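One structure below.
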Amino acid sequence: MTIPTPHISATSADQIANTVLMPGDPLRAKFIADNFLTDVSEFTNTRGMLGFTGYYNGKRVSVMGSGMGIPSAMIYYNELFAFYDVDTIIRVGTAGSMQEDVKLHDIVIASSACSESSINDNLFGNVHFSPTPDFELLLKAYETSNKFGFTTHCGQVHSSDQFYNDMPKEVFQNLQKYGVLCVEMESYGLFMAARKHGKKGLGIFTISDSLVENVADSAENRQTSYTNMMKLALEVAPE
Ligand code: HPA
């Protein structure tokens, strides 16, 4: 395949930085570009999936939406890694807490992801491969998040194939019992794509809702906590 790819309209790999921050929502990508980056240029808007490149404190970085769920996000992860020479993708997203001590607005950094997704069913025979992020990037994000004073958890996340999940109660309870921190919908795909291409992936989340507590979020708190996550991802993004 050559560039532009079917889903990204950038005509040259130079238009995209080595590191791309990827929220699910393309308008959140625009929010990051508008509020944190200087000298911004848009490199894609195919299907409304906006992507921008700019500078954060002099560091060149890109930001682009991934859409929701592993199938959508993996299209972009694969095209960025394989055809635009991107080295690192950092997912910045929201997640639903599965543990009582993981509270609204806390930061979660994924050390691995589990999923009911079938994307690697035939890749490893009867071995259930566990995709993981880049360790150095994970460590840097964990240390930086603590240094900033954010309440930070690091552990396994569930990348669910369904937002409206009909999972049996026992399955949910087992995931909780075995320490899964929260549910989101893309990181398993990111870590698989990064490993496939020999590149780096990382997933950072803000807890936006809870599956164990009945808590509501105020718009103001939500925005502040998302902003913290964006700053963290921008700080640790490799040049
Ligand atoms: N499920 C899946 N993805 C999510 C959730 C959830 O409850 N909250 C935020 N992202």
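We're numbering straight along the sequence, starting at 1. All values derive from a computational prediction rather than experimental measurement. Numbering of ligands and ligand atoms starts at 1, following listing order.
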Distance filter under 4.0 Å to [X] heavy atoms, resulting ligand 1 atoms:
| X | value |
| --- | --- |
| T94 | 9 (C), 10 (N) |
| G96 | 5 (C), 8 (N), 9 (C) |
| E184 | 3 (N) |

Do K59 and E239 sit within salt-bridge range, that is, some charged N less than 4.0 Å from a carboxylate O?
no
Short N-O contact, R91 and E184, less than 4.0 angstrom:
yes
So which of Y164, F163, F205 gets nearest to atom 5 (C) of ligand 1, if we judge by its closest heavy atom?
F163
Heavy-atom proximity to atom 3 (N) of ligand 1 ranks first, among Q162, M185, H158, for M185
For ligand 1, the portion of S208 having any non-hydrogen atom under 4.0 Å away
side chain
L211 contact mode with ligand 1 (heavy-atom cut-off under 4.0 Å)
side chain
Under 3.5 Å, is there a donor on one side chain and an acceptor on the other for [X] and [Y]?
| X | Y | answer |
| --- | --- | --- |
| S159 | S115 | no |
| Y56 | E235 | yes |
| H153 | D101 | no |
| R60 | T19 | no |

Looking only at distances, please establish whether an N/O atom of ligand 1 is found under 3.5 Å from an N/O atom of D209.
yes
Name each donor-acceptor pair under 3.5 Å that joins a side chain in residues 199-212 to protein atoms two or more places apart or in another chain, with its distance.
{"from": "K199", "atom 1": "NZ", "to": "F81", "atom 2": "O", "distance (Å)": "3.3"}
{"from": "K199", "atom 1": "NZ", "to": "V86", "atom 2": "O", "distance (Å)": "2.8"}
{"from": "S210", "atom 1": "OG", "to": "V212", "atom 2": "N", "distance (Å)": "3.1"}
{"from": "S210", "atom 1": "OG", "to": "E213", "atom 2": "N", "distance (Å)": "2.9"}

Among protein heavy atoms, which lies nearest atom 1 (N) of ligand 1, and at what distance?
V183 CG1, 3.6 Å
